[in-house]
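Written out below as structure tokens is the structure these notes cover.
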Number of protein chains: 2
Amino acid sequence: MFLSKSFGYALRGVLYVALLEPKGNKIKIEQMADKLAVPRHFLAKIMKKMVQEDILTSTKGPYGGFSLSPVTLQTKLLHLVKITDGMEQFNTCVLSLRKCNSKNPCPLHFQMLQIRDGMLAEFSKTSIGDLLDKKNPDFIKSISVI
Amino acid sequence: MFLSKSFGYALRGVLYVALLEPKGNKIKIEQMADKLAVPRHFLAKIMKKMVQEDILTSTKGPYGGFSLSPVTLQTKLLHLVKITDGMEQFNTCVLSLRKCNSKNPCPLHFQMLQIRDGMLAEFSKTSIGDLLDKKNPDFIKSISVI
DNA sequence: TTCAAAAAAGATATTCATGTCTTTTTTAGT
DNA sequence: ACTAAAAAAGACATGAATATCTTTTTTGAA
């Protein structure tokens with residue numbers, strides 16, 4: 001409920017790169033999957049999607065890996081949700097009723113509208129950079145072990 | 001996201017019974033599945049669960065069907081969520097981190113806490129009876145066609 | 001130019017929610 | 001007792017999210 005595992009992997013992945021890449025070398029998927037305790041190839045697919053969306057950059061070959069793009073830190077969480085979960089959930093009735101809308105509401109329409117709008121607002125205003133706390137020595141732990 | 005289809009079926013099912021059963025006969029699964037445009041046997045399983053939880057009553061055999069229990073209208077939506085989706089989602093970290101809690105928060109901990117608590121509060125206070133609007137001649141429509 | 005390292009891509013497997021079909025149990029009326 | 005109607009139960013099918021395994025492409029360095 002709320003969000004998929006893929007979203008969690010995406011966020012932890014990009015935060016990992018944002019935290020460690022500035023220290024030097026590019027980040028390898030092997031290392032990430034290890035440290036984040038996440039399925040390697042599944043993570044790789046999600047990372048690839050983020051690269052396609054310019055949320056990250058990547059280079060192949062020796063000394064390659066993932067690194068920040070010019071917009072990584074400004075990327076809103078909602079962009080990650082779009083990639084991993086899609087936006088449909090925010091527009092579709094919780095009772096799956098196609099005709100449901102504010103003129104013709106299902107019994108839960110306005111309650112769900114409020115909850116979803118709250119989430120939308122939060123995820124629209126929060127960026128990757130907002131979540132990144134380099135000053136906190138425990139930050140890496142807070143995204144690591146499942 | 002947010003809630004499963006099963007939850008939607010459960011809510012529409014119980015509202016359907018609450019709306020039509022007082023008018024006379026018990027409600028047959030066949031009729032419900034038809035009017036709600038929902039998979040018959042899948043709905044049957046969910047109705048059975050609600051009966052097991054005393055949210056509804058049922059009688060087998062000729063002239064049987066589903067009817068209200070003494071507590072149907074007082075049942076909170078959260079009870080339906082428990083049955084269909086489970087409560088785990090409200091207690092588990094959005095990033096699937098087992099160690100995440102308010103002392104040791106993941107980067108999204110407090111944002112998600114707020115959103116989930118909002119939803120919990122709403123679903124804890126709202127009952128089936130609260131959603132049932134018998135005065136509204138279009139109520140049946142608002143839970144009918146998918 | 002060849003080699004090895006790395007991401008990208010593709011193929012297959014597993015799990016879980018959802019959906020369908022069949023059989024069993026219960027029960028009211030004859 | 002018998003029959004038919006209805007829910008309950010069980011077996012099987014499908015689809016989507018998640019996970020694993022293999023092959024291809026790219027590229028830096030010797």
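Hydrogens, waters and symmetry mates play no part in the numbers below; they use all other heavy atoms, side chains included. Within every chain, numbering begins at 1; the chains are lettered A, B, ... in the order of the sequence lines, protein sequences first and strands thereafter.
Of all the heavy atoms in A/F2 and B/M119, the pair that sits closest is CZ-SD, 3.9 Å. Heavy atoms only, all atoms of each residue included: B/P22 and B/L68 are closest at CG-CD1, 4.5 Å. Heavy atoms only, all atoms of each residue included: B/I46 and B/A10 are closest at CG2-CB, 3.5 Å. The minimum heavy-atom distance linking B/N91 with B/M87 is given by the pair ND2-O, 3.5 Å.
Note: CZ (A/F66) to C1' (C/dA5) measures 14 Å, nearest angstrom. For B/I83 and C/dA17, the CD1 to P distance is 16 Å, given to the nearest whole Å. Between A/F7 atom CZ and D/dT18 atom P there is a gap of 13 Å when expressed in whole angstrom units. Computed from coordinates, the B/K48 NZ to D/dA6 C1' distance equals 15 Å when rounded to whole Å. Between the CG atom of A/L95 and the P atom of C/dT18 there is a distance of 13 Å, given to the nearest Å. Summarising the geometry, the separation between NZ on A/K5 and C1' on C/dC16 is reported as 11 Å, rounded to the nearest angstrom. A/L43 has its CG atom 14 Å from the C1' atom of C/dA6, to the nearest Å. A/M32 has its CE atom 11 Å from the P atom of C/dA8, to the nearest Å.
Taken to the nearest 0.5 Å, the CZ atom of B/F66 stands 7.5 Å off from the CG atom of B/L56.
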If you restrict it to nitrogen or oxygen atoms, what contacts under 3.5 Å exist between nucleotides 12-16 of chain D and the protein, and what is each distance?
none

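Using a 3.5 Å distance cut-off with no hydrogens or angles, the side chains of B/S4 and B/D85 do pair a donor with an acceptor. No donor-acceptor contact under 3.5 angstrom links the side chains of A/T72 and A/T75, judged on distance only. When only modelled atom types and interatomic distance are considered, A/T57 and A/S67 share a side-chain donor-acceptor pair under 3.5 Å.
For the ring-ring contact (aromatic ring centres under 6.0 Å, His included) test, no residue two or more places apart in sequence or in another chain qualifies with A/Y16.
Using bins of under 30°, 30° to 60° and over 60° for the plane-to-plane angle, the ring pair A/F123/A/F7 lands in the tilted bin.
For DNA chain C, the neighbouring residues in residues 16-30 of chain A, judged by any heavy atom under 4.0 Å, are A/I27, A/K28, A/I29. In the region residues 67-81 of chain A, proximity to DNA chain D at under 4.0 angstrom, judged on heavy atoms, holds for none of the residues.
The salt bridge (Lys or Arg N to Asp or Glu O under 4.0 Å) analysis of residues 13-36 of chain A, with sequence neighbours excluded, yields the pairs A/E30-A/R40.
Dashed line: the shortest gap from a side-chain N or O of A/Y9 to OP1 or OP2 of D/dA19 is under 4.0 Å. B/S6 has a side-chain polar atom (N or O) that falls below the 4.0 Å cut-off from OP1 or OP2 of C/dT18. OP1 and OP2 of D/dA8 both lie 4.0 Å or more from every side-chain N or O belonging to B/K49. Applying the 4.0 Å criterion to OP1 and OP2 of C/dA7, one finds that A/Q52 has every side-chain N and O outside that range.
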Audit row: A/C93, A/H109, side-chain contact (heavy atoms from CB on, under 4.5 Å) steps and yes/no: CA-CA 7 Å; A/C93 170; A/H109 182 74; 6.0 Å; no
Verdict with supporting geometry, B/L19 and B/I140, side-chain contact (heavy atoms from CB on, under 4.5 Å): CA-CA 8 Å; B/L19 186 71; B/I140 184 69; 3.8 Å; yes
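Using a 4.0 Å heavy-atom cutoff across all strands shown, A/Q31 reaches no nucleic acid atom at all.
Side-chain proximity of A/F42 to the nucleotides C/dA8, C/dT18, D/dA19 is greatest for D/dA19.
Within 6.0 Å of the CG atom in A/N25, the count of heavy atoms belonging to other residues, nucleotides or ligands does not exceed 12.
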Heavy-atom protein contacts under 4.0 Å, nucleotides 22-30 of chain C, coded B base, S sugar-phosphate only, - none: B--BBBBS-
